[in-house]
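Chain identifiers are assigned alphabetically (A, B, ...) following the order of the sequence lines, protein sequences preceding nucleic acid strands; residue numbering begins at 1 within each chain.
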Amino acid sequence: MPFEPRDQFEQRQKKLQQIQALGLNAYPHEFRWTDTAGELATQFGASSGADLEANRRKVRVAGRIVSLRLMGKAGFAHLQGAGKRIQIYVKKDVAGGRGFELFQLLDLGDLIGVRGHLFRTKTNELSVWAEEIYFLSKALLPLPEKWHGLTDVEMRYRQRYLDLIANEKSRDVFVTRARIIQELRRFFDARGYIEVETPMMHPLPGGAAARPFKTHHNTLDLDLYLRIAPELYLKRLTVGGFDRVYEINRNFRNEGISTQHNPEFTMLEFYEAYSNYGDLMDMNERLFADLAKSITGSTVVRYGEVDLDFGRFERLTMREAIVKHWPDAAGAAPRIAELAAPGGPRATAERYNVWAKNSGAPYAASKGRLSDGEWTGLLFEAMAEDKLVRPTILYEFPTDISPLSKQKADDPSVTERFEIYVAGMEIANGFSELNDPIEQERRFRAQVAQGGDEMPKQIDWDYIRALCHGMPPAAGEGIGIDRLTMLFTDSPSIRDVILFPQLRPEAPSNPEQGSNP
RNA sequence: GGGCCGGUAGCUCAAUGGUAGAGCAGCUGACUCUUAAUCAGCGGGUUGCAGGUUCGAGCCCUGCCCGGCUCACCA
């Protein structure tokens, strides 16, 4: 089993045997603690040495040894537990001969428990006066360097446990992520929603346009797809009378990996009967402002070089966004009416592309013959999407690219759909749900006819059947939890907010053969 | 998939084409209030992999592997 570094691994195994030779169980089954390092710091951070001496507060603390200073017949160490540190002071004539022998055998990284009382050192650091040490578990491998920590990003992702030990900031990101999810649950629970779980394995991939992962169930001899979205199942539940439902779970999309994409990512999706997209847009403004405030303490959140104010959303229709962010150098900006007119989006996109190709800007690349709506979406992505830095609600999406959304009553070329953009990233996508089965069937048929890797190959007839039983008017939305966490933790990459992001496997290495990569 | 950048001791990093180094970690010893503890000494390397150029390659060239950024892709 030896791992690198061999010499230290073997040295630590030797110490493990010496600890066992003291008559101790090297891997005991439990330790009864009374306090964590963090609790002690908050509770007694202000207590003076005299106070502590008068009360002799008894404590039992556990943690990992992250620093160790041995001085003959006494020594100091810092224990790290639950992300915080507490110093312990071990004296031979207090901890006893055998206790001190154990202390001398400890390595950085070992897990121990300590019984003693609180006091302050000469330099006034809150510490535990160790009366007894309990060995809890051995670290056979050394910790990353104590001062610089672990900076190698590949190792931080592959061996996240080391990153979490060595880098407090990394730990904080994942604590914040958990708090965000807690707050979201609170928000929706308080509004009468119930949380549900729908299938992760779908016989037909649906609810989004994306390439799915495929798998197979042996007993049923059935091909299944990891879900690309829970949408169609959640809406079936609104048919069933769950008027307010949400689900927080993973989606899987077999597509590229980038700083904003991981093959599996976490989505909050929710549906609210009897509301429309306008209600949802209003609710989102409250939700994001509340969330920013409870997570970061302010509605203004620093992200990289910019301040994002979640207390003030901008609202733009997709057509308005194209007009607003039209580059001056590309000539006169199109008028809204032009973008709404038949053939207008294509003509505008072609005009934009002439400029973009000359100036090296991203251009609206067409894949075959496109409809007006597709041109509009493409043009928006090419020229406006990354300009939406401040929190923005973009609404009125072309019907052609919104197969599950309800059309606007006075303009069927667009739907009652919106997306939330922050820092140039798509964070959320919601709309008034299309609940007319006949129109839904028409849209599905159009998708199947269009073809392509990301389009459904078959119509989900059970979904149509569910709509035929009557789905209430409803609005629904998905919020990307990973990207949301990026914003609230100032993380530039989605890999920084996913504990174990997808990477290529390490080069095959078998420790039993002693060959190490 | 394209472009750019990177991979040197367990970790963090050095090293004009000319003997592969430092700090931390480790080992031995000293030390009963240290905190990047200190002091004295010691060990540690197939420089990602495989070729090539050269008297000589960590450094130059080619291919490959892994990672990062970016573009494309991903409504």
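- For A/T121, the side-chain atoms get nearest to B/rC33 when compared with the rest of B/rC11, B/rC33, B/rG68.
- Among the protein residues, A/E426 comes within range of no part of the nucleic acid, since none of its heavy atoms lies under 4.0 Å from any strand.
- Taking a 4.0 Å limit (strictly below) on heavy-atom distances, residues 86-100 of chain A reaches RNA chain B at A/Q87, A/Y89, A/K91, A/D93.
- A search for salt bridge (Lys or Arg N to Asp or Glu O under 4.0 Å) contacts involving A/D110 returns A/K138, not counting sequence neighbours.
- A/W375 comes within 4.0 angstrom of nothing in the nucleic acid, heavy atoms only.
- The side-chain contact (heavy atoms from CB on, under 4.5 Å) search around A/D482 returns A/R177, A/F265, A/T266, A/I494, A/V497, A/I498, not counting sequence neighbours.
- Identified under the salt bridge (charged side-chain N to carboxylate O under 4.0 Å, His left out) test for residues 78-106 of chain A, with sequence neighbours left out: A/K84-A/E168.
- Applying the ring-ring contact (aromatic ring centres under 6.0 Å, His included) test to pairs two or more places apart or on separate chains, those with a residue in residues 132-160 of chain A are A/F31-A/Y134.
- In the region residues 340-356 of chain A, proximity to RNA chain B at under 4.0 angstrom, judged on heavy atoms, holds for none of the residues.
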Could you go over nucleotides 37-39 of chain B and give all protein N or O partners under 3.5 Å, atom names and distances?
unit_1	atom_1	unit_2	atom_2	d
B/rA37	OP1	A/K146	NZ	2.1
B/rA37	N6	A/L70	O	3.1

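- Here A/F397 lies out of heavy-atom contact (under 4.0 Å) with every strand.
- Counting only Watson-Crick and G-U wobble pairs whose two distances sit under 3.5 Å, RNA chain B takes part in these stems of three or more pairs: B:1-7 with B:65-71, B:10-13 with B:21-24, B:26-30 with B:38-42, B:48-52 with B:60-64.
- Counting non-hydrogen atoms under 4.0 angstrom, A/T259 reaches the backbone sugars and phosphates but no base.
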Return the polar atom pairs (N/O with N/O) between nucleotides 12-14 of chain B and the protein under 3.5 Å, or none.
unit_1	atom_1	unit_2	atom_2	d
B/rU12	OP1	A/T151	N	3.1
B/rU12	OP1	A/T151	OG1	3.3
B/rU12	OP1	A/D152	N	2.9
B/rU12	O3'	A/T151	OG1	3.3

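- Within the structure, every pair that satisfies the salt bridge (charged side-chain N to carboxylate O under 4.0 Å, His left out) test and touches residues 113-125 of chain A, not counting sequence neighbours, is listed here: A/R115-A/E131, A/R115-A/E132.
- Within the 3.5 Å criterion, the main-chain N or O of A/Y395 finds no donor-acceptor partner in the side chain of A/T317.
- Taking every side-chain heavy atom of A/E154 into account, B/rC66 is the closest of B/rC73, B/rC66, B/rG68.
- Counting non-hydrogen atoms under 4.0 angstrom, A/L108 reaches the backbone sugars and phosphates but no base.
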**Q.** Nucleotide-resolved protein contact map, nucleotides 42-49 of chain B, B/S/- at heavy-atom distance under 4.0 Å
**A.** -B------

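- Across all strands, A/F119 comes closer than 4.0 Å to base atoms (heavy-atom distances).
- Using a 4.0 Å cut-off on heavy atoms, the residues of residues 491-504 of chain A that approach RNA chain B are A/S493, A/R495, A/L503, A/R504, listed by number.
- Nucleic acid contact for A/R158: sugar-phosphate only, since backbone atoms but no base atoms lie under 4.0 Å from a heavy atom of the residue.
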